[in-house]
Amino acid sequence: MTQITPNALQEWWDSLPFKAMTRITGYEPTDFNPEEGYQDFVDACDDYWEHLSDEEKIHLYNEYN
């Protein structure tokens, strides 16, 4: 089995469309200010991601990739 690097996980996360981020985090873009391309939504999702363990990140990567 190929080892997934932290950089590969982050690149994957950064490339996800809003629909996938919504499924993973439960956050809806429409619950956030639309200014600046829903940057508040992206920031909230990134905060969610940063608080996951490496194991949780790998699980989500495998589930959604």
Side-chain angles (χ1 to χ4, degrees):
M1 179 177 262
T2 303
Q3 184 79 354
I4 303 168
T5 66
N7 283 346
L9 285 171
Q10 189 62 48
E11 286 176 19
W12 172 77
W13 177 256
D14 291 340
S15 71
L16 286 179
F18 282 7
K19 192 175 205 176
M21 288 178 146
T22 295
R23 283 195 311 265
I24 291 169
T25 66
Y27 302 149
E28 293 285 344
T30 55
D31 292 337
F32 294 86
N33 190 335
E35 296 287 319
E36 300 178 24
Y38 290 98
Q39 188 60 49
D40 291 340
F41 166 75
V42 174
D43 291 345
C45 290
D46 285 347
D47 186 59
Y48 175 93
W49 177 253
E50 290 304 316
H51 285 90
L52 296 176
S53 69
D54 289 342
E55 292 80 19
E56 290 169 316
K57 290 176 181 180
I58 291 168
H59 173 78
L60 288 170
Y61 174 88
N62 288 330
E63 184 176 341
Y64 288 91
N65 198 17

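Note that the coordinates shown come from a computational prediction; the quantities given were computed from them, not determined experimentally.
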Item to check | Steps toward side chain to side chain contact (heavy atoms under 4.5 Å, CB included) verdict (Trp13, Ile24) | outcome: CA-CA 11 Å; Trp13 177 256; Ile24 291 169; 4.0 Å; yes
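Taking the side chain to side chain contact (heavy atoms under 4.5 Å, CB included) definition, one finds that Glu63 meets it with His59, Leu60, sequence neighbours left out. Tyr61 is linked by a ring pair (Phe, Tyr, Trp, His ring centres under 6.0 Å) to Trp12, counting only residues two or more places apart in sequence or in another chain.
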Mind listing the side-chain donor-acceptor pairs of residues 30-44 below 3.5 Å, one per line with the distance, residues two or more places apart or on another chain?
from: Asn33; atom 1: OD1; to: Glu35; atom 2: N; distance (Å): 2.8
from: Gln39; atom 1: NE2; to: Asp43; atom 2: OD1; distance (Å): 2.8

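Considering only heavy atoms from C-beta on, Ile4 comes within 4.5 Å of Asn62 through its side chain. Under the 4.5 Å side-chain criterion, counting only non-hydrogen atoms from C-beta, Thr25 is not in contact with Trp49. For the pair Cys45/Phe18, no side-chain contact is recorded, criterion being any heavy-atom separation below 4.5 Å from C-beta on. With contacts defined as side-chain heavy-atom distances shorter than 4.5 Å, the pair Pro6/Asp54 does not qualify.
Glu28 CD to Met21 CE: the interatomic distance, rounded to the nearest 0.5 Å, is 13.5 Å. For the atom pair NZ of Lys57 and CD of Glu50, the computed distance is 4.5 Å after rounding to the nearest 0.5 Å. The OG1 atom of Thr5 sits 7.0 Å away from atom CD of Glu11, with the distance rounded to the nearest 0.5 Å.
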